[in-house]
Amino acid sequence: MFAPVPSKPDLVAEEHALLAFWRDRRIFARLREQVAGGTRWSFLDGPITANNPMGVHHAWGRTYKDVFQRYHAMLGHDQRWQNGFDCQGLWVEVNVERDLGFTSKRDIEDYGIAEFVSLCKQRVLTYAARQTEQSIRLGYWMDWDDPEELRRLRDLLAAEPDASVTVEGPRGPVTDTVEMIVGRLGMPEVGGSYYTFSNENNDLIWAFLAECHRRGWLYKGHDTMPWCARCGTGISQHEMTEGYQDREDPGLTIRFPLIDRPGEALLVWTTTPWTLTSNVVAAVGAELAYVKVRQGDRVYWLGKGTLRQALQGPFEVLDELPGSALEGWRYRGPFDDLHAVRAAFATSGRAGGAFEHHIVLWDEVGEEEGTGIVHVAPGCGAEDFALGKQLGLPMIAPLDENGIFIEGFDALTGRDVRDTTDQILERLRHHGFFYRLEPYRHRYPHCWRCGTPLVFRLVDEWYISMGPVYDRPRSELTADEVDASLRYQIMEVVDGIRWIPSFGYERELDWLLNMHDWMISKKRYWGLALPIYDCRACGTVEVVGGREELRERAVEGWEVLEGHTPHRPYVDAVKIACPGCGAPVERVRDVGNPWLDAGIVPFSTMHYRTDPAYWETWFPADFITESFPGQFRNWFYSLLAMSTVLRREAPFRTIFGYATLFGEDGRPMHKSWGNAIEFDEAAERMGVDVMRWTYANARPEDNILFGWHAADEARRELLVLWNVYAFFVTYARVAGWTPDRPAPALDDRTGLDRWILSRLAGLADRVGDRLADYDLDAGAREISRFIDDLSTWYLRLSRKRFSRSSDAADRDAAFATLHTSLVGLARVLAPILPFLSESLYRNLVVAVDAAAPESIHLTSWPAPELSSFRDPGLEDAMAVFSRAVELIRSLRSQAGIKLRQPLARAWITLTDAGVGYSDDMLGRLADEINVKEIVVIASDSDLVERRVKPLLPRIGRRLGAAIPAVMAAARDGTAEIHADGSVTLAGVTLAPDEVEILSSPRPGTAVAHDEGLVVVLDTTVTPELRAEGEARDLQRAIQDLRREMGLAVDERIDLAVEEGPAVERISPFLAGIGAETLADAVAVGPVPADAAFGEVAVESGTLRFGIRRRDGAAS
RNA sequence: GGGGGAGUAGCUCAGCUGGUGAGAGCAGGCGUCUUAUACACGCCCGGUCGGUGGUUCGAGUCCACCCUCCCCUACCA
């Protein structure tokens, strides 16, 4: 027997109960055993950064991952089920620094790199454990580590990293030091999620970098880079776009006095005053016009086109020269007395003499902003640097890695660049260089991690060359040209991948075409140790391809690294012999870009090096999915780049991208804005199935607005399903029905039964197709439509068959049909709503069938076993019928005749689509619209008057200007309809296929039409019909009273109706009312004193009645 | 700065190669149905389709210009 079901479910409590059930009964483990050896479907997880609790936006992506994996499991596909954690990089460092109250890299070095790195690892383990718990709560099935075990390892790592520890792996216990066990997490012998800080991950990146070096693509660049002074690291092009923000800077105009033209000065504009300390030359455009102007007793030179924007106050133009005429003019800079400037200029001048500031020509100079004369500081800007290199200018690099002025800058030395503006302005004013200061708003790059405005610094960084960009379409490139350019090789790989949504393909190609060389170095502590050995003695660069190779080549320091993961500081101690000169070389101190860590996972997690057969089996992944904003240049890019270098083939076949999650108000979720929802809060308040349903219905290419209201909408939809389920269970229990009762054969069931089963079979087919095509929202829409059909059509029309049927066979057919529908629906829902579907299944199947699999997640996709139910003709017919009912209801509403009032008849015409109906459907239909009779007719000609609707798309081109008159005639009804179906309007004859004939009602009827379907309703209410309607009113009132009294659905009553004129009219119906309201005795007379009293107003008076519980009758 | 997208009901969005009363969901109002008991269904309210001009018999849809927002991209001082 089914367990009773509450009418309002506690979804959250149910979810917790099922989590316990799955855990206790090892359902997931058994699913894996069940599909082991099946056809392989390879999903590769994009690692989540284990640095904070997961958010509801992660739950969106994880819903996709879980749905598609579960769907494939239901198809019997073997899978890897490996979650990934992204572990290394600045994300983690920034948080650990914050926890420790650090503000600079010096703090870290004072604290100790080893200790700092250990804290980073501990933080990763903390949040890996946390996110694991949250993912499990979401119902996300993966090969999860035990969160307690992760926390234990974390604590051991803090206390005793070199102590021996044993963990339980899939192939038995594994013993190693704590540090090394942590480094082996996710490896085959330890199992569980993969961690990008693992030894194997780092090792394979070394192999990748060595391969890049072997091909000559790895190089050290000396360039002016965007730099975050807080983090003390360069920012690569990949990271730049994340951090553009509007910012207000000083828009400063200053004077550069001309040495050879006394009393005259150049006007120069800058938004970064600190770079003036490093000014070397001033640039003008050769083609631009420059003017000499007088303001008071001052004379300035500036671009003619900038006069209006640059000058303050009245001026007089004295002279005009082309920019080319200014070349070579010497000027004095504002910081020429600084030691650093003097030193840089001392020997850089022509013929080895001292360098002097002068004007150079530069075609980059424009007049849109500033003064048309550009201050150039090659040590402080990328484009300045390029110009400086081209002209052989001296370079002044004023900042250290923390953004502090280095020695040689007098009072500025030791000061932070971020707060020297006032000091510099003061100095400019004092020495007469100042002209004008105005705030200037512009988009300026900021550090994407900490939000600090970036500065530009001259530094050495390591790059992977992306190869040349050719000035021709890809189709015209030769094989040699492609071989020489990594970017084009990646593009070829991209061609072989399916991108969902499709614009992803274009966007990735666009990024590849425009991207610069990949800067892979970071001057930080926690991350991949770049295995680059840059010999100071002879300049030879060597890259070590793995830990083993390093051990073999080490000439000193190996013992320091021995027993440690390949992280700083231990790895820094190892030196190798320079292959060029033999000198011992140490590793460059840089760590790697974290996207290297995530990009190698198609190799590291698929045992590329250790188990080639396994790798062959699972590579490439069939499917990956991540949020696409940003990932085109991050994970997607690094996956493609690394796989292209190592294999020149795609690491995945299909990529599915989804957009961004915002708060309900359309803004990014932000705690201080009050629109943020924590994952845990969402899970415990709305339930994860509601969350999953919200995500399942979202269009992935659109941003999702997530909040409590959206969740309520999703919940309402699920409650409809729950209501159907609760209805079924309630009446199955009353009737004692269980599935082991033999069900009538399909052919012996009603059209309605066969219809819903056909719909179910179609549902399973279509949802399966959609899920196989990674089109979850379309699948969810199919399910919504089915739930609606099941509830508002099938069940609505079938209710009496469950509760008050005298035909046992028909009742059994109804129960069997609804049971099949609910179980089938649950199985289709299982990948999407693992909890709700399990809840239904456990009660509808497991509770009554000991032989059934004990979890819905151990059942297979139901489409094959349902396919015999398909009957498309029946579905078409039902679509017509349901549309007819809608139209009739609408007619009643317009006519002011409520549904409870019976009417004599309705007529409907049936189109071709409707001919598959069965007779019992007509009967249900008559009940549903409360008419005595439905007459199916071939033509509506006798019932209606005609109106003509010209089909504009057909006639528009032909008639042109005659259209307005034709349309007016159609509206007036002055149309001549000919026997052949053609129509004459306003003197123009239209062919039958150029018009649609509509129908309008005759008196006493109402008519509605839709797509060729016509329904006509006889709206005449005869006295007999009126009386019957009043009887229904009475019945309704009695049922209401029963409810007020709190009677059980099967409790019996005595009914008394007071005498009166109204009663006379309804007396023929009293017996029927008694049956419907479970009244054993129906009396016309005074209402007993102990009865509950009710009344209802009808046309002929008021009906008064009383009911009372029939004592003892129930027992 | 370049490229792309979008501005349609209070909110979130549909509106196909131009066709003449502009749609859905939610919110609001009204009603209906029901021993699925407050679930569901129906109806109504509500829009000068960002602005201006143009092409056309006809423009939310095509063209031009302008305004606002978003995304991508960029070495501009």
Side-chain angles (χ1 to χ4, degrees), chain A residues 7-8 223-224 226 237 240-241 244 251-252 268-272 275 279 282-283 362 364-366 368-377 380-387 442-443 445 456 503 506-507 510-511 514-516 629 632-633 659-660 664-666 699 702-705 709-710 712-713 716 719-720 722-731 788 791-793 795-796 799 802-804 885-886 889-890 892-894 896 898-900 928 930 950-957 959-967 971 1036 1038-1040 1042-1044 1047-1051 1076-1078:
Chain A
S7 58
K8 298 207 71 168
D223 203 349
T224 308
Q237 183 204 6
M240 279 285 278
T241 42
Y244 275 96
L252 175 66
V268 172
W269 182 72
T270 183
T271 58
T272 49
T275 63
N279 173 266
W362 194 16
E364 298 285 315
V365 176
E368 296 75 28
E369 286 176 319
T371 63
I373 304 178
V374 174
H375 138 67
V376 178
C380 304
E383 63 280 16
D384 299 37
F385 178 80
L387 181 67
H442 60 154
R443 273 170 76 74
F456 286 81
F503 68 73
E506 298 293 340
R507 196 181 284 187
D510 187 56
W511 162 251
N514 291 303
M515 75 166 297
H516 301 178
F632 288 99
R633 64 174 154 276
T660 305
E664 208 152 37
D665 54 4
R699 289 168 18 128
D702 289 345
N703 294 332
I704 190 169
L705 306 187
H709 291 99
D712 279 343
E713 274 184 52
R716 258 205 299 281
L719 281 180
V720 174
W722 186 271
N723 279 333
V724 177
Y725 165 59
F727 175 94
F728 171 84
V729 169
T730 301
Y731 286 101
D788 193 58
S791 169
T792 66
W793 193 247
L795 186 53
R796 186 187 166 81
R799 270 173 306 187
F802 296 93
S803 56
R804 281 150 290 173
V885 168
E886 271 179 51
R889 281 209 280 248
S890 178
R892 277 179 168 275
S893 177
Q894 284 160 30
K898 55 189 173 185
L899 194 50
R900 211 180 297 142
E928 183 59 18
N930 200 13
L951 298 173
L952 272 164
R954 301 242 174 99
I955 63 171
R957 190 157 309 217
L959 298 184
I963 296 269
V966 171
M967 295 307 290
R971 237 173 267 133
R1036 177 89 283 280
I1038 296 167
Q1039 301 288 29
D1040 279 344
R1042 281 187 61 117
R1043 183 181 74 191
E1044 279 172 39
L1047 294 185
V1049 292
D1050 53 351
E1051 223 165 329
E1076 284 290 329
T1077 60
L1078 303 187

Can you confirm whether [X] sits close enough to [Y] that some side-chain heavy atom of one is under 4.5 Å from a side-chain heavy atom of the other?
X: A:Phe728; Y: A:Leu795; result: no
X: A:Trp362; Y: A:Val376; result: yes
X: A:Phe727; Y: A:Arg799; result: yes

Between [N] ([atom2]) and [X] ([atom1]): distance, integer Å:
X: A:Leu705; N: B:C70; atom1: CG; atom2: P; value: 15 Å
X: A:Trp511; N: B:A74; atom1: CH2; atom2: C1'; value: 12 Å
X: A:Arg699; N: B:G25; atom1: CZ; atom2: P; value: 17 Å
X: A:Met515; N: B:C75; atom1: CE; atom2: P; value: 12 Å
X: A:Asn930; N: B:G42; atom1: CG; atom2: P; value: 19 Å
X: A:Glu364; N: B:A77; atom1: CD; atom2: C1'; value: 11 Å
X: A:Trp362; N: B:C75; atom1: CH2; atom2: P; value: 13 Å

Q. Of all the nucleotides listed (B:C75, B:A77, B:U73), which has the minimum atom distance to the side chain of A:Val374?
A. B:A77
If the [atom1] atom of [N] is compared with that of [M], how far apart are they to the nearest Å?
N: B:G60; M: B:U52; atom1: P; result: 13 Å
N: B:A74; M: B:U56; atom1: C1'; result: 42 Å
N: B:C62; M: B:U55; atom1: C1'; result: 8 Å
N: B:C13; M: B:A22; atom1: C1'; result: 14 Å
N: B:A77; M: B:C16; atom1: P; result: 42 Å
N: B:G7; M: B:C66; atom1: C1'; result: 14 Å

Q) Dot-bracket for RNA chain B, 5' to 3', with Watson-Crick and G-U pairs under 3.5 Å, [ ] for crossing pairs and | for other-strand pairs: what is it? A) (((((((..((((.....[...)))).(((((.......))))).....(((((..]....))))))))))))....
Q: Show your working on salt bridge (charged side-chain N to carboxylate O under 4.0 Å, His left out) between A:Arg1036 and A:Asp1040 and close with a plain yes or no.
A: CA-CA 6 Å; A:Arg1036 177 89 283 280; A:Asp1040 279 344; 2.8 Å; yes
Q. How is A:Gly366 classified with respect to the nucleic acid when contacts are heavy atoms under 4.0 Å: base, sugar-phosphate, or nothing?
A. base
**Q.** CG-CD distance between A:Asp384 and A:Glu364, expressed to the nearest 0.5 angstrom
**A.** 10.5 Å
Q. What is the minimum heavy-atom distance between A:Val365 and A:Gly372, and which atoms define it?
A. CG1-O, 3.3 Å
Q) Is there a side-chain polar atom (N or O) of A:Arg633 under 4.0 Å from OP1 or OP2 of B:U73? A) yes
Q | Where protein sits on nucleotides 31-39 of chain B, one letter per nucleotide: B base, S sugar-phosphate only, - none, heavy atoms under 4.0 Å | A | -SSBBBBBS
